[in-house]
There are 2 protein chains.
Amino acid sequence: MTRAFARLGNTTSLKSGIHPFPGQPVHNLILGGLPRREREAVAAKLQFIEFPTHCVLNEIAGPIRYGYFIDSGLASILNVTSEGKSVEVGLTGKEGFVGLPLIVGFDTSPTRAVTQIAGTAFRVSARDLKSLFRDCPQLLKLLHRYSQEFALQITQVAACNRLHRVDQRLARWFLMSQDRLGGSSFLLTQEFLSHMLGTRRASVTTAAGVLHKAGFITYRRGKVTIEDRAGLEKAACGCYASLTRQLKQWRGKPR
Amino acid sequence: MTRAFARLGNTTSLKSGIHPFPGQPVHNLILGGLPRREREAVAAKLQFIEFPTHCVLNEIAGPIRYGYFIDSGLASILNVTSEGKSVEVGLTGKEGFVGLPLIVGFDTSPTRAVTQIAGTAFRVSARDLKSLFRDCPQLLKLLHRYSQEFALQITQVAACNRLHRVDQRLARWFLMSQDRLGGSSFLLTQEFLSHMLGTRRASVTTAAGVLHKAGFITYRRGKVTIEDRAGLEKAACGCYASLTRQLKQWRGKPR
DNA sequence: AAAGCAGTGTACGTTACCGTACTGAATTTG
DNA sequence: CAAATTCAGTACGGTAACGTACACTGCTTT
């Protein structure tokens, strides 16, 4: 459990390009929710990047140099203990932003943010972000709202990690990932899942076996496929349902 | 584990009075951090209350009618699962505010907030709070900062609850409570601690026994006394240390 | 084709904690 | 003062998960 993040130490090859945003549609919901004026102001400071898997965006106790508006793929926010064990506390996909402490001017990260499924993002330097906040009230507002949503997610995951079995948590994880990614199969190893769930790799194998035998998923060498979503929802604990219910309720608010 | 919150259902006797703030000093750090103008504007909308223990401030999935600036005592933020089990995800004392979703306009609570140690607070209605936000940028700023601090707390607690033993978590809890309360003994039953830690009451007894035998605490019918804080810090896992380190680091920021 | 390796399956003794239940001591109530 | 109640301590069988280790199986590399 201790060594597997070793190769993540170096912030591996981020292919960055210059495209905010030439015609291509933007999937990120925060950027997408900005009024035109702010969107243009923000776009001027963004840098488009493609990230591979297992790339560290922010290191624990390290400086937060950039904020990331995830556009596709998936990033995990992990807490890493002094003994080197890790647990995922939150997942961020195209609905969100990585680097939340920046929105109140805190510039060190209490967590490790690591890309989980390869994808793309728009990144902005901490400095530029700060100056954008002066002119873009809606940007700030949306980020603060996302921050509350994210806190809700941590809250739910915290309880779930304490109270429920590995197979239930694994089911929840698949559901949450699918929500943020779309599609029904993604590439990830059990080794990595074990870091997310804060268990042994062997426990993930067993738990995946349970879900597999029930016909909900198939798993083959780093590729999981969700075969029966409804089944997974039954296999998961109530945490998934109450999380989505609350998110829906909040998002349904007039504004 | 299921029944113990029964009597909390009714929001028991909140003795409320009218004192924002006639001479008495205000301990709450958020209120205390406001510039005079804002402080007066806010004070006009506050109501002073004394709360007993085990009083529900916000119910899970319920409306958030009031925000509470805790002035003394302690409130816990709990997640309660559909099976009725509960885990504490955060603690709020005089440094904080209960009702965080309100600061972005969300008015239902994803968690249960319950008073843990009797004390006092200034409460403000959701409606008044909303209107205050228009004129009090510093209030909003301090609340947003607190929100990030609180998220950090959840993050740390989430990992701790997953990875560490009951006795370690119990030690952490005592330390966190003492930080927020001052003093070295507080009134609380093992039954309640079990809800906080998300374990059986019997496990709390055992864990408390460990800390007692080591000479760190004494426990007698609902009253714990911290006898050796340094010892407790060693008995706790690294979570407590890294939480306080990060908080200190953030709070030390120029602004 | 052989070798190497990453990823998965499985096993086994150990540990922490669970659910439950009963006891006794301290405190409150009648 | 006796009775009732609240709270802490303890016990016991059961279970989920742990640490560790090893074998198997597809891919990749040479």
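First the proteins, then the strands, lettered A, B, ... as listed; each starts at 1.
- Between the side chains of A:Ser109 and A:Glu59, no donor-acceptor pair of N or O atoms lies under 3.5 Å.
- A:His54 has its NE2 atom 8 Å from the P atom of C:dG7, to the nearest Å.
- When every heavy atom of B:Pro110 is checked against every heavy atom of B:Ile60, the shortest pair comes out as O-CG1, 3.4 Å.
- A:Thr205 comes within 4.0 angstrom of a base, heavy atoms only.
- Not one side-chain nitrogen or oxygen of B:Thr206 sits closer than 4.0 Å to the OP1 or OP2 atom of D:dT10.
- One interatomic measurement links the two molecules: CG of B:Leu163 to P of C:dA16, which rounds to 15 Å at whole-angstrom precision.
- Remark: A:Leu29 engages A:Glu95 in a side chain to side chain contact (heavy atoms under 4.5 Å, CB included) (not counting sequence neighbours).
- Residues B:Thr108 and A:Gln246 bring a donor and an acceptor atom of their side chains to less than 3.5 Å of each other.
- For B:Lys223 and D:dA8, the NZ to P distance is 14 Å, given to the nearest whole Å.
- Using a cutoff of 4.0 Å between basic side-chain nitrogens and carboxylate oxygens, A:Asp228 and A:Lys234 are not scored as salt-bridged.
- Between the C1' atom of D:dA8 and the NZ atom of B:Lys213 lies a distance of 12 Å, rounded to the nearest Å.
- The distance between atom CZ of B:Arg200 and atom C1' of C:dC18, rounded to the nearest whole Å, is 5 Å.
- Ring centroid separation for the pair B:Phe97 and B:Phe69 comes in under the 6.0 Å cut-off.
- Donor-acceptor pairing under 3.5 Å is lacking for the side chains of B:Thr189 and B:Glu191.
- Across all non-hydrogen atoms, the minimal contact from A:Ala208 to A:Ile217 is O-CD1, 3.9 Å.
- Under the 30°/60° scheme for interplanar angles, the aromatic rings of B:Phe186 and B:Trp173 are found to stand perpendicular.
- Residues from residues 164-173 of chain B that place a heavy atom under 4.0 Å from any atom of DNA chain C, listed by number: B:Arg165, B:Val166.
- Side-chain atoms of A:Gln190 lie closest to C:dT8 of the nucleotides C:dC18, C:dT8, D:dA8.
- A donor-acceptor pair shorter than 3.5 Å can be found between the side chains of B:Gln190 and B:Thr205.
- Atom pair A:Tyr219:OH and C:dG7:P shows a separation of 10 Å (rounding to whole Å applied).
- Using a 3.5 Å distance cut-off with no hydrogens or angles, the side chains of B:Asp179 and B:Tyr240 do pair a donor with an acceptor.
- Side-chain nitrogen and oxygen atoms of B:Arg162 include none within less than 4.0 Å of the OP1 or OP2 phosphate oxygen of D:dA17.
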*Go along nucleotides 25-30 of chain D 5' to 3' and tag each nucleotide: B for a protein heavy atom under 4.0 Å from its base, S when only backbone or sugar atoms are that close, - otherwise.*
BBS---
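- The list of side chain to side chain donor-acceptor pair (under 3.5 Å) pairs with a residue in residues 212-225 of chain B, not counting sequence neighbours, reads B:Thr218-B:Glu227.
- Residues B:Thr120 and B:Ser72 have side chains that bring a donor and an acceptor to within less than 3.5 angstrom of each other.
- Each end of the helix from C:dA1-D:dT30 to C:dG30-D:dC1 gets its own rotation axis from five pairs of C1' atoms, and the angle between them is 30° to the nearest 10 degrees.
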Provide a list of protein-nucleic acid N or O atom pairs under 3.5 angstrom, restricted to nucleotides 21-23 of chain C.
none

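- Distance from the side chain of B:Lys85 is smallest for C:dG19 among the nucleotides D:dC18, C:dT8, C:dG19.
- Aromatic ring orientation, A:Trp250 versus B:Phe106: parallel (interplanar angle below 30°, classes split at 30° and 60°).
- Between B:Asn161 atom CG and D:dA17 atom C1' there is a gap of 17 Å when expressed in whole angstrom units.
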